[in-house]
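I have placed the structure first, in the form of structure tokens, so that the comments after it can refer back to it.
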Amino acid sequence: MSIVSTIQQTVISSLSALYNQPFTEKDFQVNQTKPEFEGDYTVVLFSLVKSLKLSPDAIGTALGNDLVSKNAERFTGFNIIKGFLNLSIADSYWTDLLQKNYNDICYGKKPMNGKKVMVEYSSPNTNKPLHLGHLRNNFLGWSVSEILKANGYEVIKSAIVNDRGIHICKSMIAWQLFASGQTPASTGTKGDHFVGKYYVQFNDEYKRQADELIAAGKTKEEAEKEAPIMKATQQMLLDWEAGKPEVIELWKTMNQWVYSGFDATYKRIGSDFDITYYESNTYLLGKKIVQDGLDKNVFFKKEDNSIWIDLTADGLDEKIVQRKDGTSVYITQDIGLAEQKYEQYHIDQSIYVIGNEQDYHMKVLKLICQKLGIGNAAGIYHLSYGMVELTSGKMKSREGTVVDADDLVDEMVATSRQHTEELGKVKDFTEVELTELFDTLALGAMKFYLLRVDPKKTMVFNPQDSIDFHGFTGPFVQYTHARIKSILRKAGEWSMLNEQWTALLPLEKAVIVMAEQYPNIIEQACREHNPSVIANYVFQLAQTFNSFYTEHSVANAETEEKKKLRLQLATMTATILKSGMELLGIKVPERM
RNA sequence: GGACCGGUAGCUCAGUUGGAUAGAGCAUCAGCCUUCUAAGCUGAGGGUCAUUGGUUCGAAUCCAAUCCGGUUCACCA
């Protein structure tokens, strides 16, 4: 039990005894005491004033005396300032906590709870390479999965690949027109970038043709409809759906190029999936469900034979689920896939890591699934995240202002190499070790940078800040870990007896107090589906340790007991830093 | 226009179910390496928490209105 819960329970029983009436945790607040006051934790008394009809001071004095007299081994003293009861916690509480947990690599994590969660993330298109936005998505999806696991869930990571549709045909058409048979292999280009190039080329050519038609007197709308390259693309989509062999063949070939490119990127950034769904397999899935929905009167048919759901009672509009020609729309396949996920895995929760521009769509999807009674539809959760903007404004693929994922990784690796060489601390590393270190630092910096912000918020990507390795960054935390490891290596073997600790110094206590909060932090991150909670915590812990580190020596501690205490302190800090960073998908080096 | 999200230091962000003098990092300035890794530490300056009103012992936090920014409201995906 956490110290806060412990205090809450103790206060509740004290209050009940003193005032002869029941209390709950909601009747008062327990906060950490502000540094300028004496004490460790504070009970806020104001909320009790009304029901007890006593002054805050009177309540505080009675409560403080009762707590200290009945729990002398836990509370060593109290003071009351303006309605705040500041409690001092016995050092033995902190040293016991340290002794019990300092070497536990599972500290803060929960045992399996028998629940299954699917986390869907990444969801790329096969017509362009991954960019900065995908990175936020991937890092979030991975991290949330790890956080769920730490909270006892079994996690299935999934991706849905958007591999069909008119946009895919665009790059295919452009390749036919302009590539003259070139391939990724023949040009030495990464497959996804190769295909992405033709997608861009399509848009250029399309715009050129449309402009030409407009110049010839057509309206913009007519021109966009009649441009030959667009007509060819639409024909190709029809051919694809009809299964025309040469179109299917080209589609498979080009998708394969993209997949090999994606695989390389995923491998590099440390992302993977337990199951990958392809839209070409799922896009017809929802049709049977539409029929079921009609039978159950969840859906209704209009005169033109299109099928709809009426969500006006839920504050939304009517939504189409099948066109009048009988073909399915975007949301239909999502319903189908949602059901398939439940049937395949019997999951309790289904988390979708998707940008906030789909908030409305996901709301509708969840509602429809609930009305249809699909699986555990109440467990559908849209982890909605904000866009990544550049300091110069939004990323626009058509204007070439996207930040490419591969380029960014390369740049970060180069930066970490440069920083490391300037510092010259790892001159004895082999080339293999160096490469691994640069990757660890580069990805650490990137992941931390993208995960330290609340997911739901739109964030700004500042290239200068992102390559900074000082302050609130991944490398800062990695550095703190490496530094601790260095101390521990030099300390060699040491054993713990039942030590009699002398009084804790403020900076020693500060570190343990931070460490005590880790289990709560893991829980909070899970509850809020929010990795930034971990990032902020891990940074603060590292910062607290660093303050301790510069003030007090471990190796040359005042006494042998102090040395052991500090070795434990250092061990526990390193363990939590490693564990917390792992929840963010970030590795920590032993040396750097 | 309706719905949803946001507005906190020059910049990027924290800020628990309302609690004490609103916090970090970057940037700026001033200090700290003969001692465990200075990718570090200590300190200073920097705020009308968008605005106005309300709720109360107490509001960045809750309510209402207004202003500004974003997203969405397709028989596109």
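Reminder, nothing fancy here: chain letters follow the sequence lines and each chain counts from 1. Below, each value reflects all heavy atoms present in this structure, side chains not excepted, and no hydrogens, waters or symmetry copies.
- At whole-Å resolution of the value, CG in D468(A) and P in C13(B) are 15 Å apart.
- Comparing U37(B) with G31(B), their P atoms are spaced 27 Å from each other, to the whole Å.
- Comparing G40(B), U37(B), A20(B) against the side chain of R591(A) picks out U37(B) as the nearest.
- Distance alone, capped at 3.5 Å, is enough to place a donor-acceptor pair between the T61(A) side chain and the D57(A) backbone.
- Using modelled atom types, one finds no donor on one side chain facing an acceptor on the other under 3.5 Å when comparing Y449(A) with D465(A).
- Here R417(A) does not pair with D439(A) in a salt bridge; the nearest charged N to carboxylate O distance is not below 4.0 Å.
- Side-chain contact check for F300(A) versus D310(A): some heavy-atom pair is nearer than 4.5 Å.
- Which of A3(B), G7(B), A20(B) sits closest to the side chain of K363(A) comes down to A3(B).
- Ranking C75(B), A20(B), C26(B) by closeness to the K324(A) side chain, first place goes to C75(B).
- With rounding to whole Å, N125(A) atom CG is found 12 Å from A77(B) atom P.
- Side-chain atoms of Y549(A) lie closest to U37(B) of the nucleotides A77(B), U37(B), A20(B).
- Listed nucleotides U12(B), C57(B), U72(B) differ in distance to R452(A); the shortest reach to its side chain belongs to U12(B).
- Straight-line distance from the CD atom of E303(A) to the P atom of C75(B): 16 Å, rounded to whole Å.
- Mapping N462(A) and T33(A) onto RNA chain B by nearest heavy atom places N462(A) at the nucleotide closer to the 5' end.
- To the nearest whole angstrom, the two P atoms, one in C49(B) and one in C5(B), are 23 Å apart.
- Taking only side-chain atoms of S486(A), from C-beta outward, the nucleotide of G19(B), U37(B), A77(B) with the closest atom is U37(B).
- Using a 4.0 Å cut-off, some side-chain N or O of Q543(A) falls inside it from OP1 or OP2 of G25(B).
- The side chain of R483(A) lies closest to A38(B) when the candidates are A14(B), A38(B), C36(B).
- For the pair R323(A) and A77(B), the criterion of a side-chain N or O lying under 4.0 Å from OP1 or OP2 is met.
- To the nearest whole angstrom, the two P atoms, one in U16(B) and one in C63(B), are 15 Å apart.
- Under 3.5 Å, the side chain of N546(A) and the base of A38(B) form no donor-acceptor pair of N or O atoms.
- Pairing for U56(B) is absent, with no Watson-Crick or G-U wobble pair whose two atom distances lie under 3.5 Å.
- Nearer the 5' end of RNA chain B, as judged by each residue's closest nucleotide, is the contact made by S553(A), out of S553(A) and H361(A).
- Annotation: cation-pi geometry satisfied between R452(A) and F472(A) (NZ/CZ under 6.0 angstrom from ring centroid, within 45° of ring axis).
- Taking atom C1' on both G45(B) and U72(B), the two are 43 Å apart, rounded to the nearest angstrom.
- For S306(A), the listed nucleotide lying nearest its side chain is C75(B); candidates were C75(B), U37(B), C57(B).
- In this structure, Q333(A) contributes its side chain and S328(A) its backbone to no donor-acceptor pair below 3.5 Å.
- When Watson-Crick and G-U wobble pairs are counted only if both distances are under 3.5 Å, U35(B) pairs with no nucleotide at all.
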